[in-house]
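Read through the structure below, which is laid out as structure tokens, and then see the notes.
Worth knowing before you read on, the calculation uses all heavy atoms, side chains too, and leaves out hydrogens, waters and symmetry mates. In what follows, chains carry the letters A, B, and so on, assigned in the order in which the sequence lines appear, proteins first and then strands, with residues in each chain numbered from 1.
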Protein chains: 2
Amino acid sequence: VARILITSGPTRQYLDAVRYLTNASSGRMGRALAEAAVALGHEVIVVSGPVVVTYPVSVTVHRVVSTEEMLEVCLREFPSCQGLIAAAAPCDYRPMHVHPDKIHKTGQALHVELVETADVVAALAKVREAQWMVGFALDTEDLRLRSLAKLEKKSCDLMVSNGPQAMDSRDNDVEIIDREGNVVGAFAGSKESVARGILDVIQRRLVQPRCAAR
Amino acid sequence: VARILITSGPTRQYLDAVRYLTNASSGRMGRALAEAAVALGHEVIVVSGPVVVTYPVSVTVHRVVSTEEMLEVCLREFPSCQGLIAAAAPCDYRPMHVHPDKIHKTGQALHVELVETADVVAALAKVREAQWMVGFALDTEDLRLRSLAKLEKKSCDLMVSNGPQAMDSRDNDVEIIDREGNVVGAFAGSKESVARGILDVIQRRLVQPRCAAR
């Protein structure tokens, strides 16, 4: 039995008091992964952006809004966990200037400078001790290539790659690659069944080898 | 009995295949208004951005994503309606350039030019014949003043003003002003009770006078 940190849902990066940048992540994949992990007997900590889905009652849920908040909570929880499944889609750009009030329309264009937010998984990789890490990559082209590049950049053990049709959908279609770029799992179907497939790979390749080594 | 067009929820303006600008409108106020209008025997057409709330089954719902789509559907439905209640919070800026794929992070800032989207209510005002129009204004400061300015700019009969705390909340706190700037109603409480108050004002001031004039 492991203690597993799961990130889930989108984050929001506000431009002013009302408008923000985000994506259509629903938290359904994160919820399905939490359910699959709980079913295997694991203790699960979820750090979730704003979503409507409800997580299993046996799971500890931390709610956050921005990527900075998600990172902050993850940095606090990660040291007590044995592994990370990063299913969230944190907003990776933020407006450099945030207006405290609502920006009023003037008829003119608004020039906004977007800067990259901190990379949650890469930041956790820097403080990892013995933890295993599973990342998610969502791309629109060259999925396997970009997935491997992200695995290396974020120092993950496994990377789950999916396309944009995964967002806000009940189904998913994923490939899991390892550090050598081998496809070690491929699952398609409901997010619940895909989550069980992913947890099965994690269990065999990451959880059990460490249990056996104890 | 009138045929009433109600707009509801947020809209999204995509920057690329994944990221978009939006706001936290939940569609709860629009749903509550639809319920209150149905309870008074009216026929209701809802044009809704992406939301999770479910509208009453007796209501015709048109789902849209962007402000342009919301305007397009409204322009088609408005001529057959006697009135409009514009409870939606359409995203009023859109990235001038939309990237068809996901923009890849480079470590550099992204300069984005946001241009104003079409104003749905102002555009409907231009094609109105005998229809009455009720707008919603959401501001962070000078609520009554800005509400009156919006009423004039959008040629509405009544303007409902609320603050940003209305967004994604179960409660609301509104003031209704008429063309002379008089406060003709003020309601606070659950969105359901606030919606009944707003419909009561609409019924007495906009629906019934026209029925009597027939």
(request) Take A:Tyr20 and B:Leu21 through the test side chain to side chain contact (heavy atoms under 4.5 Å, CB included) and record every step on the way to the result. (result) CA-CA 6 Å; A:Tyr20 56 81; B:Leu21 199 64; 6.0 Å; no

(request) Assess whether atom CZ of A:Arg170 is packed by more than 12 heavy atoms of other residues, nucleotides or ligands within 6.0 Å. (result) no

(message) I'd like to verify something: which residue of A:Val52, A:Leu15, A:Asp92 has the highest number of heavy-atom pairs under 4.5 Å with chain B?
(response) A:Asp92

(request) Select, from B:Met96, B:Lys105, B:Gln108, the one with the greatest count of heavy-atom pairs under 4.5 Å involving chain A. (result) B:Lys105

(request) May I ask you to name which of B:Arg12, B:Lys102, B:His104 has the most heavy-atom pairs under 4.5 Å with chain A? (result) B:His104

(message) Quick check: closest heavy atoms across A:Tyr14 and B:Ala24, and the distance to 0.1 Å?
(response) OH-CB, 4.4 Å

(request) Using a cut-off of 6.0 Å, state whether more than 12 heavy atoms not belonging to B:Arg144 lie near its atom CZ. (result) no

(message) Out of B:Leu114, B:Leu138, B:Asp16, B:Val18, return the one with the most heavy atom pairs under 4.5 angstrom to chain A.
(response) B:Leu114

(request) Go through the atoms of B:Tyr93 and report whether side chain, backbone, both or neither lie under 4.5 Å from a heavy atom of chain A. (result) side chain

(message) Under a 4.5 Å cutoff for heavy-atom pairs, which residue among A:Asp168, A:Asp139, A:Val112 has the most contacts with chain B?
(response) A:Val112

(message) Between B:Pro164, B:Gly107, B:Ala89, who has the most heavy-atom pairs with chain A when the cutoff is under 4.5 Å?
(response) B:Gly107

(request) Heavy atoms only, distances under 4.5 angstrom: which of A:Glu116, A:His111, A:Gln13, A:Met167 has the most pairs with chain B? Name it, please. (result) A:Glu116

(message) If I measure from the heavy atoms of chain B, does A:Glu113 come under 4.5 Å with its side chain, its backbone, both, or neither?
(response) both

